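None of the values given here were measured: they were computed from a predicted structure. A note on names: the letters A, B, ... follow the listed sequences, proteins ahead of strands, and every chain is numbered from 1.
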Protein chains: 2
Amino acid sequence: MKEMVALQKFISLKGLRRSKPREWILEIFLGIERHVSIDELWAEVRKKYPSVGYATVYRTLKLFCEGGLCREIRFEDNTTRYEHLYEHEHHDHLICTRCGTMVEVRDDNIEKLQNKLMKHYGFLPEYHRMNLYGICKACRTA
Amino acid sequence: MKEMVALQKFISLKGLRRSKPREWILEIFLGIERHVSIDELWAEVRKKYPSVGYATVYRTLKLFCEGGLCREIRFEDNTTRYEHLYEHEHHDHLICTRCGTMVEVRDDNIEKLQNKLMKHYGFLPEYHRMNLYGICKACRTA
DNA sequence: CTCTATGCAAAACCTTTGCATAGAA
DNA sequence: TTCTATGCAAAGGTTTTGCATAGAG
């Protein structure tokens, strides 16, 4: 898949070396659509490739971030998670405070106003994080 | 001050007890307008009240949060900080990626769109966190 | 008196690193 | 061969807790 190509390209570019563990971790990571923590990803990787160590997953995720394949996100509940980034558009999150469900959203009007707001305060916009918390439909009708 | 009254009220309500350390910590906390980490606050508290322990500051900040006096915020750079909340309006942050300067802002149009967005996805809005990152004027002209 | 609050130190976590060995190029 | 990558274990940080004592009600 194209992410694997992007990874190998990035690896060559940096003068690093291809390796099986990196390919395995990317394969498993891409197969999970949720945002995963290192622990969760490690557990999943080990199911199929038991030899992989925690530190490798840790270092590999950092490498993926550098290579533009994923993004680290820190939530209010003290957890650090990683989400797919490669060819994914920028998006924000709606998070259910009951069940934890997360929906990726994007609203161009909000984006515009955010940039306008930054400019108004003299900032050159770079990026942003917006998490909207509430109770999802399923939880409200349950 | 009114925050002190609110604190004592909250303490009675919960069947807890008043104490000097709690008053001291609140006094120092309110005197700092920046967002502080536990360490920073502890250092400031000790300057005036050397007997106070780290764990007390830690537990007291949690208590303040419960009592609606402060809010814990976790930033992308892995730091946990606390900001005043009592009778402070909701606000978001503009953060300079060069110097770390933080500006508190509020944009009602954005707020409205955020609520609209949540409702569109079936969420009952509760609260949100929005951090906009960029380069501030001072850093750009420096 | 009774039960909470505190300070200290240690435990529990999570993140990051050092090092000897395996593996790419 | 020469470096990088890996797994393990241990080190670093930070957050949280246990416990004996002080203190509030």
Side-chain angles (χ1 to χ4, degrees), chain A residues 4 7-29 35-43 45-67 69-82, chain B residues 4 7-29 35-43 45-67 69-82:
Chain A
M4 194 64 82
L7 173 64
Q8 306 302 7
K9 215 163 163 182
F10 177 71
I11 283 175
S12 311
L13 192 74
K14 296 262 289 182
L16 304 178
R17 292 171 190 179
R18 296 170 141 237
S19 81
K20 281 292 166 204
R22 283 177 182 159
E23 292 177 14
W24 296 339
I25 293 167
L26 182 57
E27 172 207 323
I28 302 295
F29 177 61
H35 304 109
V36 283
S37 64
I38 297 180
D39 285 317
E40 288 166 359
L41 182 57
W42 185 42
V45 169
R46 285 184 82 105
K47 282 185 189 165
K48 193 159 174 191
Y49 309 103
S51 64
V52 177
Y54 180 93
T56 301
V57 174
Y58 169 82
R59 286 186 278 229
T60 302
L61 276 174
K62 298 279 177 203
L63 181 77
F64 288 175
C65 285
E66 270 188 88
L69 289 166
C70 73
R71 187 174 84 169
E72 188 181 300
I73 31 181
R74 229 166 267 279
F75 292 98
E76 303 295 319
D77 66 348
N78 220 344
T79 59
T80 301
R81 292 170 174 279
Y82 295 82
Chain B
M4 195 63 81
L7 173 64
Q8 306 302 6
K9 215 162 162 182
F10 177 71
I11 284 175
S12 313
L13 193 74
K14 296 262 289 180
L16 305 177
R17 291 173 189 178
R18 296 172 139 232
S19 82
K20 282 291 167 204
R22 284 177 182 160
E23 291 177 13
W24 296 339
I25 293 167
L26 182 56
E27 172 207 324
I28 302 295
F29 178 61
H35 304 110
V36 283
S37 64
I38 296 179
D39 284 318
E40 287 166 0
L41 182 56
W42 185 43
V45 169
R46 285 184 83 103
K47 282 186 189 164
K48 193 160 174 189
Y49 309 103
S51 64
V52 177
Y54 180 93
T56 301
V57 174
Y58 169 81
R59 286 186 278 229
T60 301
L61 277 174
K62 297 280 177 203
L63 181 77
F64 289 175
C65 286
E66 270 188 87
L69 290 165
C70 74
R71 186 174 86 169
E72 189 181 299
I73 32 181
R74 228 167 268 280
F75 292 99
E76 302 297 317
D77 66 349
N78 220 343
T79 60
T80 301
R81 292 170 174 278
Y82 295 83

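For B:S51 and A:A55, each mapped to the nucleotide of DNA chain C holding its nearest heavy atom, the one lying further toward the 5' end belongs to B:S51. Each of A:T80 and B:W42 was matched to the nucleotide of DNA chain C holding its nearest heavy atom; the match closer to the 5' end belongs to B:W42. For B:L16 and B:R74, each mapped to the nucleotide of DNA chain D holding its nearest heavy atom, the one lying further toward the 5' end belongs to B:R74. Nearest-nucleotide mapping onto DNA chain D: of B:R18 and B:K62, the residue sitting toward the 5' end is B:K62.
Note that the OG1 atom of A:T80 and the CG atom of A:L61 stand 11.0 Å from one another [nearest 0.5 Å]. Here the CD1-CD distance, from A:I28 to A:E40, works out to 14.0 Å after rounding to the nearest 0.5 Å.
If you take OH of A:Y58 and P of C:dT15, they are 8 Å apart, rounded to a whole angstrom. If you measure from atom NZ of A:K20 to atom P of C:dA25, you get 11 Å, rounded to the nearest angstrom. The CD1-P distance, from B:I11 to C:dT4, rounds to 14 Å in whole Å. Rounded to an integer number of Å, the gap from CZ of B:R59 to P of C:dA9 is 14 Å. Atoms CG (A:L41) and P (C:dC14) sit 16 Å apart, rounded to a whole Å. Between the C1' atom of C:dC14 and the OH atom of A:Y82 lies a distance of 11 Å, rounded to the nearest Å.
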Exercise for review: Decide yes or no on side chain to side chain contact (heavy atoms under 4.5 Å, CB included) for B:Y82 and B:K62, but give the supporting numbers first.
Suggested key: CA-CA 10 Å; B:Y82 295 83; B:K62 297 280 177 203; 3.8 Å; yes

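Residues passing the side-chain contact (heavy atoms from CB on, under 4.5 Å) test with A:R46, sequence neighbours excluded: A:W42.
Not one N or O on the side chain of A:R74 forms a donor-acceptor pair closer than 3.5 Å with the backbone of B:T79.
Contact footprint of chain A on DNA chain D: nucleotides with an atom under 4.0 Å from a non-hydrogen protein atom, first to last in 5' to 3' order, D:dC3 to D:dC8.
Each of A:K20, A:E23, A:E27 was checked for a side-chain hydrogen bond (donor to acceptor under 3.5 Å, both in side chains) with A:Y49, and the lone residue meeting it is A:E27. For the salt bridge (charged side-chain N to carboxylate O under 4.0 Å, His left out) test with B:E66, the passing option among B:K14, B:R59, B:R71 is B:K14; the others fail.
As judged by a 4.0 angstrom heavy-atom cut-off over every strand, A:K14 is placed among residues making no nucleic acid contact.
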